Amino acid sequence: MHVDQLKASSQKWMTAALVAFSQGPESYDFAVHHAGIAAEHLLKAYLAALHPALIVEARDFDSLLHATGHGMHASVPVSRAKTIGLVEAHTRVHKILRKQIPIDQRTLAPVANARNGVAHSGLHDVAEVQTVFTTCLRLIDPLLTELKIDPHSYWGSYLPLHDKLIEERVREARIRLEGKLAQARVVFEQRYGHLASKDREIVLATVTQHSNTYMEHSEHKPCPACGSNGWLMGTTHIDETDKSVVVFAPYIFVCSACDLDLENEEFWELGGDFNDEVVLEDPPEDFYANWEPDPDLLHDNPWDTEDGSTSDAGREPDEDTARGR
């Protein structure tokens, strides 16, 4: 559970992955498997740097004892401590580094599937190898920055290969984005180009009122292809840094007028504020059913006395105290 061990392990697995990738298709299974492990270990290194307990299975008490420095009370050795997997490690880190990490859950899924496919059945999709492999590189890069790891040291002599793969992925994303925008403009013109301006406004007001795609939350956003009202969709979470607010994190954009469909990776190439998180106006208690604020964050603690100390007057005693134990 030591941060330095996880960093070193990640670099070791990534070096092995790069070697395998360089050897060609016959070694691609090792490449995707090893790259997945390298990414998982670096995600855990980031979490462990915050606190070792963040990488253990929450319901395994022995593992929590080891992670919190009380391993002498555990019934199993630290070598048998249970830690989280790749997907959960990514979920936890992404909640903290949403703006830094360009890989969302949907983009990560092929990485987890490829790694597990090789590990459990020896199978992987050769057609997806470069995409999966490059996704691991893009996931690792911001973690190197956060953990203050020198990229030249981590990638070693394979840094030029890393740079080339990233460059190729960016180029492909840009081409894919421009293709989608061009196609959407053609669709829009075919559908509404023959309509008079006022008639077009009436039709579009109806067409763009709803979307056939559904996610937890959606916000209107002008379409970058046709200018109509589209839908930016994603998930929400509560940020309690200063005060409790609901934050919207966008993942996809869809437009019912021209059928444009963009994903998180394309947001980065599109620019603007498509990828920005948005603080919603509704307070958490109105937005979420049955939500209650963290009592530790409440300023008006009913048990606090005027001198700042905490009074037990009026509190329910716990059972052990009530029984004189």
Side-chain angles (χ1 to χ4, degrees), residues 90-91 94-95 97-111 127-128 131-132 134-135 138-139 166 168-237 239 245-282 286-288:
H90 169 267
T91 299
H94 197 248
K95 286 182 178 180
L97 302 177
R98 288 176 184 270
K99 293 183 179 180
Q100 293 89 330
I101 294 181
I103 308 300
D104 60 21
Q105 292 178 348
R106 290 172 25 142
T107 309
L108 182 75
V111 175
E128 289 190 353
T131 298
V132 168
T134 308
T135 297
R138 295 171 62 234
L139 176 57
I166 295 295
E168 182 68 18
R169 181 64 174 265
V170 170
R171 187 183 70 85
E172 290 175 355
R174 287 174 179 165
I175 292 175
R176 186 169 63 250
L177 171 62
E178 291 303 324
K180 286 185 175 183
L181 292 172
Q183 177 63 22
R185 293 179 184 120
V186 170
V187 169
F188 184 84
E189 184 62 26
Q190 289 174 342
R191 288 178 177 174
Y192 313 107
H194 63 286
L195 297 176
S197 179
K198 287 188 177 181
D199 292 338
R200 181 186 301 182
E201 288 180 9
I202 295 172
V203 172
L204 288 176
T206 302
V207 170
T208 60
Q209 196 170 13
H210 303 287
S211 170
N212 294 327
T213 305
Y214 174 79
M215 288 193 75
E216 178 193 335
H217 185 75
S218 58
E219 294 279 332
H220 270 304
K221 184 80 174 174
C223 176
C226 70
S228 304
N229 263 333
W231 293 94
L232 198 57
M233 300 183 172
T235 61
T236 62
H237 63 280
D239 186 339
V245 294
V246 181
V247 179
F248 169 53
Y251 284 121
I252 63 172
F253 173 85
V254 294
C255 178
S256 302
C258 65
D259 290 343
L260 181 65
D261 183 351
L262 301 178
E263 297 186 357
N264 182 268
E265 182 178 359
E266 290 152 349
F267 290 170
W268 292 77
E269 299 306 319
L270 189 62
D273 57 356
F274 274 77
N275 204 44
D276 292 348
E277 294 188 341
V278 178
V279 176
L280 303 182
E281 294 182 0
D282 294 336
D286 292 342
F287 192 86
Y288 297 107

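Since the model is a prediction, treat every value here as computed from it, not as a measurement. We number each residue from 1, following the sequence as shown.
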Participant: Could you tell me which residues satisfy side chain to side chain donor-acceptor pair (under 3.5 Å) with E216, sequence neighbours excluded, listed by chain and number?
Facilitator: T236
Participant: Return the minimal non-hydrogen interatomic distance between S228 and T208, and the atom names on each side.
Facilitator: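 For S228 and T208, the tightest heavy-atom pair comes out as CB-CG2, 4.1 Å.
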Participant: Can you confirm whether Y251 sits close enough to R106 that some side-chain heavy atom of one is under 4.5 Å from a side-chain heavy atom of the other?
Facilitator: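 A side-chain contact under 4.5 Å is absent here.
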Participant: Rounded to the nearest 0.5 Å, what separates atom SG in C258 from atom CD in E189?
Facilitator: 12.0 Å
Participant: Quick check: closest heavy atoms across F267 and F253, and the distance to 0.1 Å?
Facilitator: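 So the two residues come closest at CZ-N, 3.6 Å.
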Participant: Could you check if a side-chain atom of E172 sits within less than 4.5 angstrom of a side-chain atom of T134, using non-hydrogen atoms only?
Facilitator: no
Participant: Can you list the steps and then say if E263 with R176 is a side chain to side chain contact (heavy atoms under 4.5 Å, CB included)?
Facilitator: CA-CA 11 Å; E263 297 186 357; R176 186 169 63 250; over 6 Å; no
Participant: Salt bridge (charged side-chain N to carboxylate O under 4.0 Å, His left out) with D282: which residues, sequence neighbours excluded?
Facilitator: none
Participant: In Å, rounded to the nearest 0.5 Å, how long is the span from CG of L280 to CD of E219?
Facilitator: 5.5 Å
Participant: Got I101 and L139 here, is their nearest side-chain heavy-atom distance under 4.5 Å?
Facilitator: yes
Participant: Distance from L232 atom CG to C223 atom SG, nearest 0.5 Å?
Facilitator: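 So the CG of L232 and the SG of C223 are separated by 11.5 Å.
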Participant: Mind checking side chain to side chain donor-acceptor pair (under 3.5 Å) for R138 and listing every partner two or more places apart, or none if nothing turns up?
Facilitator: none
Participant: What's the shortest heavy-atom distance between H194 and R191, and which atoms?
Facilitator: CE1-O, 3.0 Å
Participant: State, yes or no, whether a side-chain contact exists between M215 and I252 at a heavy-atom distance under 4.5 Å.
Facilitator: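 Yes. Closest side-chain heavy atoms under 4.5 Å.
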Participant: Side-chain contact, heavy-atom cut-off 4.5 Å: T235 with Q105?
Facilitator: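 Result no, sub-4.5 Å side-chain heavy-atom pair not found.
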Participant: Would you say L262 and P224 make side-chain contact, with heavy atoms under 4.5 Å?
Facilitator: yes
Participant: Keeping the roles fixed (side chain from H90, backbone from I103), state whether a donor-acceptor pair exists under 3.5 Å.
Facilitator: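 Side chain of H90 to backbone of I103: a pair is present.
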Participant: Can you name the residues that form a side chain to side chain donor-acceptor pair (under 3.5 Å) with D104, not counting sequence neighbours?
Facilitator: T107
Participant: Taking side chain as C-beta onward, heavy atoms only, is M233 less than 4.5 Å from S211?
Facilitator: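 A side-chain contact exists here, since the closest heavy-atom pair is under 4.5 Å.
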Participant: Can you classify the ring geometry of F188 versus Y192 as parallel (below 30°), tilted (30 to 60°) or perpendicular (above 60°)?
Facilitator: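 Judged by the thresholds at 30° and 60°, the geometry between F188 and Y192 is tilted.
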Participant: Without swapping roles, check the side chain of K180 against the backbone of L260 for a donor-acceptor pair under 3.5 Å.
Facilitator: no
Participant: Passes side chain to side chain contact (heavy atoms under 4.5 Å, CB included), L195 versus E201? Steps please.
Facilitator: CA-CA 9 Å; L195 297 176; E201 288 180 9; over 6 Å; no
Participant: Would E277 and R98 count as a side chain to side chain contact (heavy atoms under 4.5 Å, CB included) here? Give the steps.
Facilitator: CA-CA 9 Å; E277 294 188 341; R98 288 176 184 270; 2.4 Å; yes
Participant: The criterion is salt bridge (charged side-chain N to carboxylate O under 4.0 Å, His left out); which residues satisfy it with E178, sequence neighbours excluded?
Facilitator: none
Participant: State whether E168 and R171 are salt-bridged, where the test is any N-O pair (Lys NZ or Arg NE/NH1/NH2 against Asp/Glu carboxylate O) under 4.0 Å.
Facilitator: yes
Participant: Please identify each residue that fulfils side chain to side chain donor-acceptor pair (under 3.5 Å) with E269, with sequence neighbours left out.
Facilitator: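 Counting only residues at least two positions away or on another chain, E269 forms a side chain to side chain donor-acceptor pair (under 3.5 Å) with R174.
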Participant: Is there side-chain contact between H220 and W231, with at least one heavy-atom pair below 4.5 Å?
Facilitator: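 Side-chain contact under 4.5 Å: yes.
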